[in-house]
Structures are given as C-alpha cells and as structure tokens.
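Single-structure report; data block below.
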Amino acid sequence: MEIKIVILNWNGRAHLERFLPSVVSHSTGASVVVADNGSDDDSAAFLRKHYPQVELLLLDKNYGYAEGYNRALEQVAADCYVLLNSDVEVEEGWLGPLAKLMASNERIAALAPKILSYDRPGYFEYAGASGGFLDAFGYPFCRGRILDTIEQDDGQYDTSRDVFWASGACMMVRADVFRKLGGFDGDFFAHMEEIDFCWRAQLAGYRIMVEPRSRVFHLGGGTLPNNSPRKLYLNYRNNLSMLYKNLSKLTLWPLLFTRMVLDGMSAFVFLMQGRRDFFKVVFRSHMDFYKILGMLRAKRRAIQRDRTGSAAGNIYRGSIILRHALGRRTFGRMM
C-alpha cells in the first residue's frame with residue numbers, strides 16, 4: 001500500500017520543529033506531507049529550509065481540522081492516509097502494525113494506534129487512548145480515559161479490536177473509503193468530526209479498529225486549550241449534529257430530547273461554578289444547532305438511505321456519567 005502521512009498545520013511552527021523529526025526519522029515506507037491551513041507564522045519557510053523532502057501543500061485560509069483535511073487530501077494520492085496532529089511524537093516501528101492490520105481486511109475503514117501522553121508517557125492521552133466508544137447518551141470515552149479520569153498504561157488495553165471511533169490525533173484511513181463517504185463533515189470545523197466519520201463508516205458496513213502494538217505520544221491542546229469556550233461550543237454543537245445525522249429513526253428523538261436536558265443541566269452546573277461564559281456557550285450551541293437543522297436533515301437522509309451496517313456493537317448501553325459518579329472510572333470489563 002502507498003501510505004502518506006498528512007499533518008495539518010496552523011501556526012504550528014514550534015510543534016513542527018519539536019515533533020516532525022521523529023515522524024521523518026521513524027516512518028519508513030511512507031512519505032510525509034504537511035498541509036498548511038493558512039498559517040501566518042513562518043511554518044512554510046521553516047519547512048522549505050529544514051525539510052525539503054517533506055511535501056508542502058498551502059491552503060489559502062484556515063478551514064479548520066475537518067474541511068482543512070478534506071481540501072488537503074483532495075490533492076494527495078495514496079492508498080491510505082495517516083492523519084497526524086502536529087504535536088505527536090512517534091517511535092521506531094510505529095507504522096508497521098497499522099499498515100499490517102489495514103492490509104489484512106479491506107472492510108477496515110480506519111484504525112488508530114495506542115495514544116499515550118507526551119508529558120506523562122506512562123499514561124494514556126485524553127484524545128483517543130486505546131480506542132474510542134460512545135455511551136448510550138452519545139458521550140464519547142475511551143479504553144484508558146473516561147471523562148477526566150486518565151489511566152496509567154499497564155498493558156491492560158493492548159488487544160487490537162473493533163472500536164466505535166479512531167482518534168483524529170492519529171488515524172490511518174483508507175483513501176477510497178474516505179472519498180466514498182465524502183470525507184469529514186466540513187461544517188463541524190473541528191472536534192468530533194472523526195467520530196462522525198467513523199460512525200458513518202460503520203453505517204456503510206465498514207469496521208473501525210485500534211492497534212495498540214503501535215504507540216504514539218500526543219502533547220494535546222495545541223490549537224484550542226481544554227478550558228476554551230470555543231472548544232466547548234464546538235463539542236456541544238457538533239455532538240448534537242452527529243447524533244441527529246446518524247441515529248436510527250427509533251432512537252433519534254428520545255435520545256436528542258434526553259441530551260438536551262442533560263446539556264441544560266450541565267449549563268447550570270457551569271453557572272453555579274461561576275463560569276457564565278460556559279453557561280452561555282451551551283445555550284448558543286443549541287440555538288445554532290436548531291438553525292442548521294434543515295441542512296442536517298439533508299445529510300441525515302443521505303446517510304440513512306445508504307445505510308447497510310450498524311455501530312450498535314460498539315456502543316456502551318449504560319451512562320459513563322453515572323458510572324463515573326458511582327466511582328467506576330476505568331474501562332475495565334465494560335465491553
């Protein structure tokens with residue numbers, strides 16, 4: 001398979017200087033592409049000077065993660081892409097297990113390595129850990145990370161297996177499937193677009209997997225910090241959009257109503273904590289979701305019309321919020 005590692009960059013010159021050396025050194029059998037998302041720092045000049053062997057694609061503005069990758073990958077010819085954040089360090093041999101598993105079954109649309117913390121290498125990293133899932137209310141979690149509880153990696157999740165979603169921090173994706181499904185939903189801009197893509201892939205009859213024999217180390221929070229109102233807004237709005245597009249007819253409205261109630265409760269928790277900015281963001285995300293319902297309805301019709309598979313086997317039938325509140329804060333034997 002021809003594999004190209006595509007790094008989407010936006011004003012990330014410092015990350016490129018820090019993390020790109022490992023990618024170039026340890027990615028035998030693949031070529032590296034940096035797609036610059038309209039940066040106004042010296043990222044492009046740095047790459048031209050220090051990494052002439054890296055292909056540089058220049059986009060005319062910042063399209064966000066989702067549409068930025070869509071536009072970049074239109075210009076990249078390969079059998080498989082590895083979408084890699086600019087703040088990820090890789091180790092020798094990381095690519096081989098991913099390529100081997102992908103080549104083993106043409107129904108695998110996407111897969112991820114085990115993602116560990118760059119700052120605390122013995123622990124999982126928030127954005128992906130060892131494979132992602134959804135709970136019954138549409139909240140994402142991982143083997144190794146439930147809400148804000150992050151586990152130490154003791155080899156407890158070292159089995160390769162089907163999962164619900166592969167992390168966009170590092171995800172190998174089959175190019176023809178990416179194109180067939182229309183890529184990421186560009187209207188998401190950033191956050192949860194990879195979960196939405198993986199859900200659509202499963203509904204189209206494909207599999208999503210994790211391969212923990214491959215390890216990478218993610219710094220995290222490179223573009224939007226975890227306490228950013230903008231990040232919170234995108235997560236709330238995009239989660240509702242994702243649920244609306246992909247849920248079955250029987251579960252759509254009961255679950256959406258429940259989520260809106262739960263989101264409202266979380267907004268008042270933010271208010272009690274003195275976070276009026278977060279309180280306002282939750283309600284703005286809901287208002288904006290209502291505004292785009294017409295557009296989402298057309299997307300939903302297309303997804304449901306072509307549906308041949310199911311993602312039900314990778315959904316936890318309980319609530320991770322309740323589980324966490326009861327002190328059961330590790331993946332354990334959940335699924």
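Scanning all heavy atoms of the two residues, the minimum distance from His15 to Leu219 falls at CE1-CD2, 3.6 Å. Shortest non-hydrogen contact noted between Phe184 and Glu193 is CD2-O, 3.6 Å. Annotation for Cys142 and Ile146: closest pair O-CG1, 4.2 Å, computed over non-hydrogen atoms. Of all heavy-atom pairs between Ala109 and Ala201, the closest is CB-CB, 4.0 Å. Residue Ala127 comes nearest to Ile115 through the heavy atom pair O-CD1, 3.5 Å, listed as atom of the first residue, atom of the second, then distance. Of all the heavy atoms in Ser130 and Pro212, the pair that sits closest is OG-CG, 3.7 Å.
Between Trp199 and Leu134, some side-chain heavy-atom pair lies under the 4.5 Å cut-off. Residues Asn235 and Lys231 form a side-chain contact, since some pair of their non-hydrogen atoms from C-beta on lies under 4.5 Å apart. With a 4.5 Å cut-off on side-chain heavy atoms, Val24 and Leu20 count as touching. Using a 4.5 Å heavy-atom cutoff, the side chains of Leu8 and Ser86 are not in contact. By the 4.5 Å heavy-atom criterion applied to side chains, Val6 and Leu84 are not counted as neighbours. Counting only heavy atoms from C-beta outward, the side chains of Leu116 and Glu125 never approach each other to under 4.5 Å. Residues Arg143 and Thr159 are in side-chain contact: their nearest non-hydrogen atoms beyond the backbone lie under 4.5 Å apart. Within the 4.5 Å cutoff, the side chain of Leu111 has no heavy atoms near those of the Val210 side chain.
Glu194 places a side-chain N or O within donor-acceptor distance of the main-chain N or O of Gly168, the cut-off being under 3.5 Å. Thr258 places a side-chain N or O within 3.5 Å of a backbone atom of Pro254 that can act as its donor or acceptor partner. Side-chain atoms of Asp87 do not come within 3.5 Å of backbone N or O of His218 as any donor-acceptor pair. Between the side chain of Ser214 and the main chain of Glu211, no donor-acceptor pair closer than 3.5 Å is present. The closest donor-acceptor contact from the side chain of Arg300 to the backbone of Leu247 lies under 3.5 Å.
Separating the NZ atom in Lys280 from the CG atom in Leu232 is a distance of 14.0 Å, to the nearest 0.5 Å. Here the straight-line distance linking atom CD1 of Ile208 with atom CG of Asn314 works out to 9.0 Å at 0.5 Å rounding. Rounded to the nearest 0.5 Å, atoms CZ (Phe133) and CD1 (Ile315) are 11.0 Å apart. To the nearest 0.5 Å, the span separating CG on Asn246 from CD1 on Ile303 amounts to 4.5 Å. To the nearest 0.5 Å, atom CG of residue Asp263 and atom CG of residue Leu256 are 10.0 Å apart. Note that CG of Leu58 is 9.0 Å distant from OG of Ser39, once rounded to the nearest 0.5 Å.
Legend: residues meeting salt bridge (Lys or Arg N to Asp or Glu O under 4.0 Å) with Arg275, ordered by chain and number and at least two apart, are Asp277. Under the rule for a side chain to side chain contact (heavy atoms under 4.5 Å, CB included), the partners of Thr149 that lie at least two apart in sequence or sit in another chain are His324, Arg329. With sequence neighbours excluded, the residues that form a side chain to side chain contact (heavy atoms under 4.5 Å, CB included) with Arg71 are Leu59, Tyr63, Glu67. Annotation: salt bridge (Lys or Arg N to Asp or Glu O under 4.0 Å) contacts of Asp79 (sequence neighbours excluded): none. For the salt bridge (Lys or Arg N to Asp or Glu O under 4.0 Å) test, residues two or more places apart in sequence or in another chain that qualify with Arg215 are Glu91. Judged as a side-chain hydrogen bond (donor to acceptor under 3.5 Å, both in side chains), and not counting sequence neighbours, Glu106 has no contacts.
In the hydrophobic clustering of this structure, Leu73 does not group with Met1; members are Ile, Leu, Val, Met, Phe, Trp, Tyr whose side-chain heavy atoms approach within less than 4.5 Å, directly or through other members. With hydrophobic clusters built from ILVMFWY side chains whose heavy atoms lie under 4.5 angstrom apart, Phe137 shares a cluster with Met242. Under the 4.5 Å side-chain heavy-atom criterion for grouping Ile, Leu, Val, Met, Phe, Trp and Tyr, Met265 is not connected to Leu326 through any hydrophobic cluster. Hydrophobic clustering of Ile, Leu, Val, Met, Phe, Trp and Tyr side chains at less than 4.5 Å, counting indirect connections, keeps Val33 apart from Leu56. In the hydrophobic clustering of ILVMFWY residues, with side-chain heavy atoms under 4.5 Å counting as a link, Phe331 and Tyr139 come out together.
The aromatic rings of His50 and Phe46 lie tilted to each other, with the angle between the two planes from 30° to 60°. Between Tyr81 and Phe178, the two ring planes are perpendicular [angle over 60°; tilted spans 30° to 60°]. By the 30° and 60° cut-offs, the orientation of the rings of Tyr157 relative to Phe124 is tilted.
Side-chain rings of Tyr69 and Tyr65 approach one another, their centers coming within less than 6.0 Å.
Using modelled atom types, one finds no donor on one side chain facing an acceptor on the other under 3.5 Å when comparing Tyr126 with Ser117. Looking only at atom types and distance, the side chain of Asn9 has a donor-acceptor partner in the side chain of Ser43 under 3.5 Å away. Checking Ser22 against Ser25 by side-chain atom types alone, no donor-acceptor pair falls below 3.5 Å.
Both cation-pi conditions hold for Arg230 and Phe189: the charged atom is under 6.0 angstrom from the six-membered ring centre and inside a 45 degree cone around its axis. With a 6.0 Å cutoff to the six-membered ring centre and a 45° limit on the axis angle, Arg284 counts as a cation-pi contact of Tyr233. In this structure, Arg200 forms no cation-pi arrangement with Phe197, as its terminal cationic atom is not both closer than 6.0 Å to the ring centre and no more than 45° off the ring axis.
Within the structure, ring-ring contact (aromatic ring centres under 6.0 Å, His included) contacts touching residues 90-119 (residues at least two apart or in different chains) are Phe19-Tyr118. For residues 145-173, the salt bridge (Lys or Arg N to Asp or Glu O under 4.0 Å) pairs, not counting sequence neighbours, are Lys114-Asp153, Lys114-Asp158, Asp162-Arg207. For residues 126-135, no residue pair satisfies the salt bridge (Lys or Arg N to Asp or Glu O under 4.0 Å) rule, not counting sequence neighbours. Within the structure, the ring-ring contact (aromatic ring centres under 6.0 Å, His included) test picks out the following pairs touching residues 283-318 (sequence neighbours left out): Phe279-Phe283. For residues 29-53, every residue pair satisfying the salt bridge (Lys or Arg N to Asp or Glu O under 4.0 Å) rule, not counting sequence neighbours, is listed here: Arg13-Asp42.
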>> Is there a salt bridge (Lys or Arg N to Asp or Glu O under 4.0 Å) between Asp176 and Arg179? Walk through the geometry before answering.
In response: CA-CA 5 Å; Asp176 59 348; Arg179 290 191 291 269; 5.9 Å; no
>> For Val82 and Ile3: C-alpha separation, side-chain torsions, deciding distance, then whether side chain to side chain contact (heavy atoms under 4.5 Å, CB included) applies.
In response: CA-CA 7 Å; Val82 178; Ile3 300 171; 3.9 Å; yes
> Are Asn238 and Asp196 close enough, and set up right, to give a side-chain hydrogen bond (donor to acceptor under 3.5 Å, both in side chains), and what steps lead you there?
Replying inline: CA-CA 9 Å; Asn238 291 351; Asp196 172 71; over 6 Å; no
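If you chain together ILVMFWY residues whose side-chain heavy atoms come under 4.5 Å of each other, Met272 ends up in a group of its own.
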